[in-house]
Q: 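Before anything else, here's the structure in question.
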Amino acid sequence: MIDLKYLQNNFEEASAKLHIKGVAVSTLEMLQTLFSTLKSCNATLESSKAEQNSMSKLFGQYKREGKDIAELKAKVDANKEAMIPMQDKARDAEEALYSLALTIPNFPDMSVPEGKSEEDNVELRKVLAPKSFAFTPKEHWELAQINGWIDFERGVKLAKSRFSVLRGEASRLERALINFFLDTNAKKGFVEHSVPFINNASMLQGTGQLPKFEDDLFKIEGEDLYLIPTAEVPLTNLYNDEILSEKDLPLLMTGYTPCFRKEAGSAGRDTRGIIRQHQFNKVEMVAIAHPDKSQAVFEMMVENASDILTALGLPHRVVELCGGDLGFSSAMTIDLEVWLPGQNQYREISSISNTRDFQARRAKIRFKAEASADKKNKKNRFVHTLNGSSLAVGRTIVAIMENYQNEDGSIEIPEVLHKYM
RNA sequence: CGGGAGAUGUCAGAGUGGUCGAAUGUGCCGGUCUUGAAAACCGGUGAGGGUUAUACCUCCGGGGGUUCGAAUCCCCCUCUCCCGGCCA
């Protein structure tokens with residue numbers, strides 16, 4: 001959630017930033033109006049309550065002293081009666097305020113390149129040159145067929161379209177990759193976690209998937225539960241509604257989970273192969289960082305994910321997302337795109353974001369500052385949360401298949417994975 | 001899924017209609033004492049809103065209700081523990 005006080009005090013700046021993410025000024029004006037309505041309602045309501053409280057105390061005193069309470073009761077009743085409409089007004093304003101506020105995306109960072117869509121993203125660098133093939137490289141679904149690695153038809157039979165089955169060597173490759181990713185992350189200080197793959201609505205709201213993107217989620221019927229679309233949800237929300245101690249920051253976490261997405265808006269896209277599935281495996285990094293130090297953590301995370309691709313010998317490029325392509329919760333995102341020779345293009349394989357205090361506000365993740373001379377700053381502050389894939393497992397399999405293919409369709413296994421298989 | 005008990009501050013644990021944001025112990029922070037530490041003693045120590053700062057408001061699992069007044073009474077929900085059923 002955005003900082004409503006900031007919005008109120010810097011309306012021009014805030015609305016310019018959110019314009020990049022397609023938020024209309026009128027929406028923000030509405031938000032601001034609700035916010036000030038709520039504040040003024042609360043102010044009057046609180047003074048009425050103060051009066052009510054003090055009269056109630058008197059009431060007790062009168063009774064003990066055996067005084068007549070009829071007059072006092074009449075006053076107290078009248079005051080109580082008068083509070084009701086104000087209470088209703090405040091409640092309505094609060095409800096409207098928060099239901100609107102929860103749909104407003106995060107501010108993009110000042111440094112984020114301008115642009116409307118994917119087209120305007122900025123390539124920062126390329127790592128490893130694509131290898132040239134003496135033959136025409138095949139796409140991964142052809143290779144899957146040749147090697148019997150992926151059973152698309154039976155995946156569909158078991159569930160529905162966009163589900164598939166990995167078989168034999170491919171399944172072992174998947175397991176090897178998960179272990180390799182987790183081990184590499186652990187070496188960088190990320191503590192491995194094994195978390196629930198089902199989370200409740202409040203957690204999904206904490207990281208920003210709800211209430212706005214409910215259509216993208218698989219919901220458990222009759223329960224307040226959803227299949228997680230990414231491990232970012234459980235890992236970040238591990239500290240939901242907690243106050244951490246400054247000396248524990250940054251918290252670096254990693255975990256492997258399957259991810260479940262309805263892919264509601266992507267009918268017709270990537271229908272062949274396993275690039276876009278309803279269920280895919282991913283190893284995720286999540287960091288909970290001190291606000292002054294989140295940028296350094298962010299860069300470390302990008303480097304870590306890129307190093308993993310390099311270790312696998314997979315050519316990739318590092319791309320900074322423009323304002324228009326940023327996700328809902330993100331202030332700044334860097335994507336890693338891996339080279340797919342069969343498709344003859346770079347495809348996203350990792351996405352690393354700094355959400356700053358946006359998720360922390362929603363999920364109420366704060367930290368207590370170390371005792372310092374500065375007593376004014378004693379207030380608990382929101383942490384910064386960051387997340388990034390390291391890496392998407394299915395897409396890594398695709399990348400290995402396409403980059404390590406031989407002319408006869410057989411596939412080499414990257415050197416670093418040998419000890420895992 | 002059925003029966004019983006419970007949910008209070010870091011933790012333990014009192015409080016069953018007013019003077020309770022909450023006893024006491026413990027933990028933590030600061031101080032005295034000490035060569036240093038421990039012990040002992042003294043002081044401080046939950047969260048959110050609000051204010052220049054105070055006042056002041058809200059929060060005793062969550063939501064609703066009764067009452068002038070609710071941690072305390074009533075209803076619903078969630079969770080935890082114990083017993084039984086089922087089960088990797």
Side-chain angles (χ1 to χ4, degrees), chain A residues 1-9 31-32 34-99 101-102 194 196-206 210 219-226 234 237-248 258 357 359-383:
Chain A
M1 196 157 75
I2 59 167
D3 182 352
L4 293 173
K5 275 190 227 164
Y6 169 79
L7 177 75
Q8 194 173 47
N9 299 329
L31 195 65
Q32 198 183 25
L34 287 167
F35 187 50
S36 42
T37 305
L38 179 62
K39 280 182 73 170
S40 69
C41 281
N42 277 341
T44 39
L45 202 55
E46 278 178 17
S47 63
S48 296
K49 277 184 183 166
E51 209 179 321
Q52 189 79 2
N53 288 343
S54 68
M55 284 194 286
S56 288
K57 272 184 189 165
L58 260 187
F59 203 102
Q61 195 185 319
Y62 278 25
K63 270 202 136 175
R64 248 176 286 125
E65 293 168 358
K67 286 190 189 168
D68 179 36
I69 52 167
E71 194 186 334
L72 183 62
K73 178 157 166 49
K75 261 173 85 178
V76 146
D77 284 342
N79 188 54
K80 197 185 175 190
E81 192 73 20
M83 268 180 359
I84 291 172
M86 186 59 75
Q87 247 159 355
D88 290 345
K89 196 178 167 195
R91 190 183 302 178
D92 290 350
E94 186 165 12
E95 245 167 59
L97 175 69
Y98 287 109
S99 63
L102 286 171
S194 181
F197 304 157
I198 296 174
N199 282 191
N200 63 43
S202 166
M203 300 304 115
L204 274 299
Q205 181 177 295
L210 289 179
K219 187 176 195 310
I220 310 287
E221 194 180 342
E223 305 266 1
D224 182 41
L225 297 169
Y226 297 81
N237 282 297
L238 277 176
Y239 297 97
N240 188 299
D241 199 23
E242 291 194 26
I243 299 170
L244 303 163
S245 127
E246 184 173 8
K247 65 178 182 334
D248 294 334
D357 62 359
Q359 292 178 326
R361 270 175 204 287
R362 291 176 157 246
K364 297 195 184 70
I365 309 174
R366 292 148 291 169
F367 72 96
K368 194 177 279 295
E370 291 284 292
S372 68
D374 192 7
K375 277 188 181 161
K376 268 196 163 177
N377 264 340
K378 242 179 76 181
K379 277 211 161 184
N380 297 330
R381 297 171 66 190
F382 288 109
V383 298

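Each chain gets a letter, A, B and so on, in the order the sequences are listed, and its residues count up from 1.
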Q: Using the P atom as the point on both nucleotides, what is the distance between B:C81 and B:U32, in whole Å?
A: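 The same atom, P, in both gives a distance of 46 Å.
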
Q: Could you check how far CZ of A:Arg366 sits from P of B:G46, rounded to whole Å?
A: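 Distance, rounded to whole Å: 14 Å.
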
Q: Can you tell me the pairing partner of B:U10 across any strand shown, Watson-Crick or G-U wobble, with both distances under 3.5 angstrom?
A: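 Pairing partner: none.
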
Q: Please confirm whether the backbone N or O of A:Ile84 pairs with a side-chain atom of A:Lys80, one donor and one acceptor, at under 3.5 Å?
A: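 Not at all, since once roles are kept as given, no pair shorter than 3.5 Å links the two residues.
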
Q: Determine whether A:Ser48 and A:Met86 satisfy the following criterion, side-chain contact (heavy atoms from CB on, under 4.5 Å), listing intermediate values before the conclusion.
A: CA-CA 10 Å; A:Ser48 296; A:Met86 186 59 75; over 6 Å; no

Q: Pairing check on B:A88: which nucleotide meets the Watson-Crick or G-U wobble criteria with it, both distances under 3.5 Å?
A: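 No nucleotide pairs with B:A88.
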
Q: Using purine N1 to pyrimidine N3 plus N6-O4 or O6-N4 for Watson-Crick, or N1-O2 and O6-N3 for G-U wobble, each under 3.5 Å, what pairs with B:U32?
A: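 Across all strands, the one nucleotide that pairs with B:U32 is B:A40.
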
Q: Checking base pairs now: Watson-Crick or wobble, both atom distances under 3.5 Å. What partners B:U45?
A: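 With both distances under 3.5 Å, B:U45 matches B:G27.
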
Q: Between A:Lys80 and B:G69, is there a contact of a side-chain N or O with OP1 or OP2 at under 4.0 Å?
A: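 Answer is yes, contact under 4.0 Å.
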
Q: Counting only heavy atoms not in A:Lys364, do more than 12 sit closer than 6.0 Å to its NZ atom?
A: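 No.
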
Q: Round to the nearest Å and state the distance from A:Asn199 atom CG to B:U78 atom P.
A: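 Distance check: A:Asn199 CG to B:U78 P gives 18 Å.
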
Q: I need the minimum non-hydrogen distance between A:Val383 and A:Leu244, along with the two atoms involved.
A: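 In terms of heavy atoms, the two residues are closest at CG1-CD1, 4.3 Å.
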
Q: What is the nucleic acid contact for A:Gln61, judged by heavy atoms within less than 4.0 Å: base, sugar-phosphate only, or nothing?
A: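 Answer is nothing: A:Gln61 stays at 4.0 Å or more from every strand.
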
Q: Roughly how many Å is it from NZ in A:Lys368 to C1' in B:U10, rounded to a whole number?
A: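 Result: 11 Å.
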
Q: Could you give the distance separating B:G50 and B:A37 at their C1' atoms, to the nearest angstrom?
A: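 Rounded to whole Å, the distance is 45 Å.
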
Q: Take A:Lys89 and A:Thr37 through the side-chain contact (heavy atoms from CB on, under 4.5 Å) test and state the conclusion after the steps.
A: CA-CA 9 Å; A:Lys89 196 178 167 195; A:Thr37 305; 4.2 Å; yes

Q: When rounded to the nearest Å, what value does the distance between P atoms of B:U45 and B:A22 take?
A: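 Nearest-Å result for B:U45 against B:A22 at atom P: 11 Å.
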
Q: Choosing from B:G18, B:G50, B:G46, which nucleotide comes nearest the side chain of A:Phe59?
A: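 When the side chain of A:Phe59 is considered, B:G18 is the closest of B:G18, B:G50, B:G46.
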
Q: How many angstroms lie between CD1 in A:Ile220 and CG in A:Asn199, if you round to the nearest 0.5 Å?
A: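 If we round to the nearest 0.5 Å, A:Ile220:CD1 and A:Asn199:CG are 10.5 Å apart.
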
Q: Please confirm whether the shortest side-chain N or O distance from A:Lys5 to OP1 or OP2 of B:G50 is below 4.0 Å.
A: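 For B:G50, OP1 or OP2 has a side-chain N or O of A:Lys5 closer than 4.0 Å.
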
Q: Taking the P atom in each of B:G44 and B:G49, what is the distance between them to the nearest angstrom?
A: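 Here B:G44 and B:G49 have their P atoms 25 Å from each other.
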
Q: What's the closest nucleotide to the side chain of A:Asn380 if the choices are B:C68, B:G50, B:G48?
A: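 Selected nucleotide: B:G48.
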
Q: Which residue in the set A:Asp357, A:Ile2, A:Leu102, A:Leu210 passes side-chain contact (heavy atoms from CB on, under 4.5 Å) when paired with A:Arg362?
A: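 Filter result, single survivor: A:Leu102.
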
Q: Without decimals, in angstroms, what is the distance between A:Arg381 CZ and B:G48 C1'?
A: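 Rounded to the whole Å, the gap is 18 Å.
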
Q: Can you work out whether A:Val76 or A:Lys39 has the more 5'-proximal nearest nucleotide on RNA chain B?
A: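 Final value for this comparison: A:Lys39.
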
Q: In whole angstrom, give me the gap between the P atoms of B:G46 and B:G84.
A: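 It works out to 44 Å between them.
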
Q: Distance check needed: B:C68 P versus A:Ile84 CD1, whole Å only.
A: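 For the pair A:Ile84 CD1 and B:C68 P, the rounded distance is 12 Å.
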
Q: Would you classify A:Ile243 as touching base, sugar-phosphate or nothing, given that sugar-phosphate means primed atoms plus P, OP1 and OP2, and contacts are heavy atoms under 4.0 Å?
A: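 Answer is sugar-phosphate: A:Ile243 comes under 4.0 Å of backbone atoms only.
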
Q: Please state how far atom CG in A:Asp224 lies from atom P in B:C77, giving the value in whole angstrom units.
A: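 Taking CG of A:Asp224 and P of B:C77, I get 15 Å after rounding.
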
Q: May I ask you to test the A:Asn79-A:Glu51 pair for a side-chain heavy-atom distance under 4.5 Å?
A: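 They are in side-chain contact.
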
Q: Could you check how far CG of A:Leu72 sits from P of B:G69, rounded to whole Å?
A: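 That distance rounds to 12 Å.
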
Q: Can you tell me, in whole Å, how much space there is between the P of B:U78 and that of B:A70?
A: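 Here B:U78 and B:A70 have their P atoms 26 Å from each other.
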
Q: I'd like to know whether A:Gln87 forms a side-chain contact (heavy atoms from CB on, under 4.5 Å) with A:Leu45, so could you lay out the CA-CA distance, the side-chain angles of the two residues, the decisive distance to 0.1 Å, and finally the verdict.
A: CA-CA 7 Å; A:Gln87 247 159 355; A:Leu45 202 55; 4.0 Å; yes

Q: Quick check: on RNA chain B, is the nucleotide nearest A:Gln52 upstream (toward 5') of the one nearest A:Gly60, or the reverse? Name the residue that is more 5'.
A: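 The residue mapped nearer the 5' terminus is A:Gly60.
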
Q: Can you build the contact string for nucleotides 54-66 of chain B? Use B for base contact, S for sugar-phosphate-only contact, and - for no protein heavy atom under 4.0 Å.
A: --SBS--------

Q: Partner lookup for B:A5, please. Criteria are Watson-Crick or G-U wobble with both distances under 3.5 angstrom; report none if nothing qualifies.
A: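 Because both required distances fall under 3.5 Å, B:A5 counts as paired with B:U80.
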
Q: When rounded to the nearest Å, what value does the distance between C1' atoms of B:G69 and B:G18 take?
A: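 That atom pair is separated by 6 Å.
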
Q: Work out how far the C1' atom of B:U34 is from that of B:G21, and round it to whole angstrom.
A: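 Roughly 38 Å separates the two C1' atoms.
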
Q: Check the distance between B:C68's P and A:Lys57's NZ and give it to me in whole angstrom.
A: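 Rounded to whole Å, this separation is 18 Å.
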
